[in-house]
Amino acid sequence: MTSIIRAKDFTASRPWGALDIASMQGVSTRLHWTDKPYRWHINDGEEVFVVLDGQVEMKYRDVEGERSAILNAGDIFFANEGTEHCAFPVGEARILVVEKQGSL
């Protein structure tokens, strides 16, 4: 089935609520709406995090310690397996997440 999803119009009943878009060979693609931070976590695989609407401060930890980057609409954050990170939206944000199915 073919679909058109207007990300800017998507909302959820709770922070990080999601719309499942696709599951392909063990990889899930989900659209999230949030206005609250997620928790610090480490995925058990790689993650692609795309800000579609709004702004997100992405905090992450690497060998140099804790770092931070502001992501605007159109920006992409790629987390290698084992990268500890936490997303802090600035107001409302809509985010496309592509990751191993069943990952955090």
Practice item. List the atom of Pro89, the atom of Asp35, and the distance in Å for their closest heavy-atom pair. Key: CG-C, 3.7 Å
**Study point:** Same cluster (ILVMFWY, side-chain, under 4.5 Å), Val98 and Phe10
**Key:** yes
Review point. Same cluster or not: are Ile5 and Val50 linked, directly or through other Ile, Leu, Val, Met, Phe, Trp or Tyr residues, by side-chain heavy atoms under 4.5 angstrom apart?
Key: yes
Practice item. Answer yes or no: is there a side-chain heavy-atom contact under 4.5 Å between Ile76 and Val48? Key: yes
Practice item. Check whether any side-chain heavy atom of Arg94 lies under 4.5 Å from a side-chain heavy atom of Thr11, and answer yes or no. Key: yes
About how many Å separate [atom2] of [Y] and [atom1] of [X], when rounded to the nearest 0.5 Å?
X     : Y      : atom1 : atom2 : answer
Thr83 : Arg61  : OG1   : CZ    : 12.0 Å
Ile42 : Glu47  : CD1   : CD    : 12.0 Å
Asn72 : Leu52  : CG    : CG    : 12.5 Å
Ile21 : Leu31  : CD1   : CG    : 5.0 Å
Met24 : Gln101 : CE    : CD    : 10.5 Å
His41 : Cys86  : NE2   : SG    : 7.5 Å

Point to revise | ring pair (Phe, Tyr, Trp, His ring centres under 6.0 Å), paired with Tyr38, selected from Phe88, Trp16, Phe49 | key: Trp16
Practice item. Anything under 30° is parallel, anything over 60° is perpendicular, the rest tilted; go ahead and classify Tyr60 against Phe77. Key: tilted
Exercise for review: Mark yes or no for whether Trp33, through its side chain, and Leu19, through its backbone, hold a donor-acceptor pair below 3.5 Å.
Suggested key: no
Review point. Do you know which of Lys100, His85, Glu81 makes side-chain hydrogen bond (donor to acceptor under 3.5 Å, both in side chains) with Asn43?
Key: His85
